[in-house]
**Q** 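Sharing a structure below in structure tokens format, with a few things to ask.
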Amino acid sequence: MKKTIEEHAARFSHIAAEYDDSQDSDEYRACVSLVVHYVDPSPEDVVLDLGTGTGAIALALAPDAKRVVGRDISEGMLEQARTKAAEVGIENVEFGEGRFRDPNVGDEQVDIVVTNFAMHHLSDEEKREAIDVIADLGPRRFVLGDVMFFGTPDPDEPFYSPEVDDPATVGFLADALTDAGFVLTAVESVHEQVGVLVAERAPTADE
């Protein structure tokens with residue numbers, strides 16, 4: 001991680017009020033659409049949204065899910081998410097502090113985990129640790145939308161901010177998911193530096 005968790009939290013709290021307006025690229029909107037499509041919760045599903053930010057993904061999923069748990073490191077972003085939920089009357093969401101490697105969900109059963117445009121702040125080693133933690137929660141599906149490299153990125157036209165972001169290659173992420181016991185079921189390239197990976201829990205021998 002190129003900055004500490006506290007530095008990232010402060011940075012996002014500072015821009016929380018303007019964050020939604022700043023996410024106006026075609027690639028970001030396409031990524032959100034694909035992520036929501038692939039999560040596809042049922043009315044019995046509890047969904048964990050890691051790096052929930054202002055709650056865009058969580059609130060989009062809530063009408064179809066039993067419950068959505070949004071976790072983020074930035075209290076400013078969480079305040080925005082809670083305000084948006086109250087404004088539209090969505091009550092089956094709960095927003096609180098949580099991290100990729102410490103999601104803060106207690107003993108709650110999590111059926112689906114989703115994250116969008118957040119994991120790229122972690123180093124590759126930290127991403128592996130986060131994916132292992134997510135696997136240990138026992139979800140049947142993990143949907144990852146993020147900045148990721150499908151090839152060699154053009155250093156003159158990065159989709160990300162090199163001073164604060166640390167994207168991984170698609171191959172690295174695929175290997176980490178497989179090593180954690182997932183099976184990769186979909187790979188969507190939105191841009192050579194943006195994509196969506198969908199992973200399902202691999203069946204055990206007893207299943």
Side-chain angles (χ1 to χ4, degrees), residues 5 8-9 31-75 77-78 80-82 84-85 90-122 126-146 148 168 173-188 195-207:
I5 289 174
H8 278 298
C31 198
V32 168
S33 180
L34 282 169
V35 164
V36 171
H37 167 75
Y38 278 113
V39 173
D40 190 27
S42 75
E44 291 77 41
D45 285 332
V46 175
V47 180
L48 171 62
D49 180 18
L50 288 171
T52 193
T54 62
I57 298 292
L59 296 174
L61 297 171
D64 296 317
K66 176 181 179 180
R67 171 172 153 82
V68 179
V69 178
R71 292 290 182 259
D72 204 276
I73 61 173
S74 165
E75 184 56 36
M77 299 287 267
L78 291 168
Q80 293 291 318
R82 295 184 189 110
K84 288 162 63 175
I90 293 179
E91 299 181 347
N92 64 329
V93 294
E94 183 260 315
F95 295 108
E97 193 276 338
R99 306 173 180 189
F100 280 108
R101 291 167 291 167
D102 184 12
N104 188 25
V105 294
D107 296 328
E108 183 164 17
Q109 171 61 42
V110 173
D111 301 294
I112 303 172
V113 177
V114 59
T115 183
N116 189 58
F117 272 63
M119 191 177 278
H120 64 272
H121 297 301
L122 304 180
E126 291 166 338
K127 291 184 187 75
R128 272 197 176 273
E129 293 171 357
I131 289 170
D132 286 341
V133 169
I134 289 166
D136 287 343
L137 295 174
R140 72 171 189 277
R141 182 178 306 133
F142 175 36
V143 180
L144 168 62
D146 209 351
M148 58 184 73
L173 294 169
D175 287 345
L177 289 164
T178 300
D179 291 345
F182 289 105
V183 175
L184 201 61
T185 57
V187 178
E188 296 273 7
V196 177
L197 304 183
V198 184
E200 305 282 344
R201 187 172 64 89
T204 64
D206 293 338
E207 296 173 321

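Values below: all heavy atoms of this structure, side chains included; hydrogens, waters and symmetry mates excluded.
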**Q** Do you know which two heavy atoms are closest between Q109 and G138, and how far apart they sit?
**A** NE2-O, 3.9 Å
**Q** Can you name the residues that form a side-chain hydrogen bond (donor to acceptor under 3.5 Å, both in side chains) with E91, not counting sequence neighbours?
**A** none
**Q** Taking only residues two or more places apart in sequence, or in another chain, which ones meet A118 in a side-chain contact (heavy atoms from CB on, under 4.5 Å)?
**A** F100, T115
**Q** Table please: side-chain donor-acceptor pairs of residues 173-184 below 3.5 Å, with sequence neighbours left out.
**A**
| residue | atom | partner | partner atom | Å |
| --- | --- | --- | --- | --- |
| T178 | OG1 | A174 | O | 2.9 |
| D179 | OD2 | R128 | NH1 | 3.1 |
| D179 | OD2 | R128 | NH2 | 3.2 |

**Q** Which atoms form the tightest heavy-atom contact between D40 and H37, and what is the distance?
**A** CB-O, 3.4 Å
**Q** In chain order, what residues pass the salt bridge (Lys or Arg N to Asp or Glu O under 4.0 Å) check against E188, with sequence neighbours excluded?
**A** none
**Q** Which residues satisfy the side-chain hydrogen bond (donor to acceptor under 3.5 Å, both in side chains) test with D72, sequence neighbours excluded?
**A** none
**Q** Under the side-chain contact (heavy atoms from CB on, under 4.5 Å) test against F142, which residue among L137, I134, L197 passes?
**A** I134
**Q** I'd like to check the side-chain contact (heavy atoms from CB on, under 4.5 Å) partners of A62; sequence neighbours left out, ordered by chain and number.
**A** V68, I90, N92, V93
**Q** Is the side chain of R99 donor-acceptor paired with the backbone N or O of I73 at a distance under 3.5 Å, no angle test?
**A** no
**Q** Would you please name every residue forming a salt bridge (Lys or Arg N to Asp or Glu O under 4.0 Å) with D45, sequence neighbours left out?
**A** R140
**Q** How close do A58 and F95 get, heavy atom to heavy atom, and via which atoms?
**A** CB-CE2, 3.8 Å
**Q** Listed by chain and number, what are the salt bridge (Lys or Arg N to Asp or Glu O under 4.0 Å) partners of R67, not counting sequence neighbours?
**A** E94, E108
**Q** Evaluate side-chain contact (heavy atoms from CB on, under 4.5 Å) for M119 paired with I131, printing each intermediate quantity in order.
**A** CA-CA 10 Å; M119 191 177 278; I131 289 170; 4.2 Å; yes
**Q** Under 3.5 Å, is there a donor-acceptor pair between the side chain of R71 and the main chain of N104?
**A** yes
**Q** Using the rule given for side-chain contact (heavy atoms from CB on, under 4.5 Å), can you reason through I57 versus T52, listing the C-alpha separation, both sets of side-chain angles and the distance that settles it, and then say yes or no?
**A** CA-CA 7 Å; I57 298 292; T52 193; 5.9 Å; no
**Q** Which heavy-atom pair separates A81 from G53 by the least distance, and what is that distance?
**A** CB-O, 3.8 Å
**Q** Between G195 and C31, what is the shortest heavy-atom contact and its length?
**A** O-SG, 3.9 Å
**Q** Which atom pair, heavy atoms only, marks the closest approach of V39 to R141?
**A** O-NH1, 2.7 Å
**Q** Rounded to the nearest 0.5 Å, what separation is found between the CD atom of E75 and the CD atom of Q80?
**A** 11.0 Å
**Q** I'd like to check L50 versus P103 (side-chain heavy atoms, cut-off strictly below 4.5 Å). Are they in contact?
**A** yes
